[in-house]
Amino acid sequence: MEFDQNRAAKPFDVTLLDIFRGALRMVKHWKARRETHRILSKLSDNQLRDIGLTREDVCRKF
């Protein structure tokens with residue numbers, strides 16, 4: 001087999017649109033985490049315990 005036959009036709013098939021979509025997805029994910037943190041931060045320790053979280057979990061995970 002020759003070298004050309006083993007090479008992929010398009011090793012990097014990423015377009016500018018793919019990069020933009022990825023960046024948009026990251027921003028949406030970040031905004032959702034920020035909103036979750038904001039909501040959970042307003043809950044009391046008893047309410048957090050009811051859903052199986054602690055104050056440290058909220059600070060660490062979200």
J.: In chain order, what residues pass the side-chain contact (heavy atoms from CB on, under 4.5 Å) check against I39, with sequence neighbours excluded?
T.: E35
J.: Name all residues meeting the side chain to side chain donor-acceptor pair (under 3.5 Å) criterion together with T36; count only those two or more places apart in sequence or in a different chain, and write none if there are none.
T.: none
J.: Can you name the nearest heavy-atom pair linking L40 to L48, along with the distance?
T.: O-CD2, 3.9 Å
J.: Show me, pair by pair, the donor-acceptor contacts under 3.5 angstrom made by side chains of residues 15-25, not counting sequence neighbours?
T.:
unit_1	atom_1	unit_2	atom_2	d
T15	OG1	L17	N	3.4
T15	OG1	D18	N	3.2
T15	OG1	D18	OD2	3.2
D18	OD2	T15	N	3.1

J.: With no hydrogens and no angle check, is any side-chain donor or acceptor of D50 less than 3.5 Å from a backbone partner on Q47?
T.: no
J.: Rounded to the nearest 0.5 Å, what separates atom CG in L53 from atom CZ in R60?
T.: 10.0 Å
J.: With sequence neighbours left out, write down each residue that passes side-chain contact (heavy atoms from CB on, under 4.5 Å) with R34, or none if nothing qualifies.
T.: W30, K31
J.: Taking all atoms of both residues into account, what is the closest heavy-atom pair of S41 and V58, and its distance?
T.: OG-CG1, 4.0 Å
J.: Can you sort out the partners of D45 under salt bridge (Lys or Arg N to Asp or Glu O under 4.0 Å), two or more places apart, ordered by chain and number?
T.: R55
J.: Using 0.5 Å steps for rounding, measure from the CZ atom of R33 to the NZ atom of K61.
T.: 10.5 Å
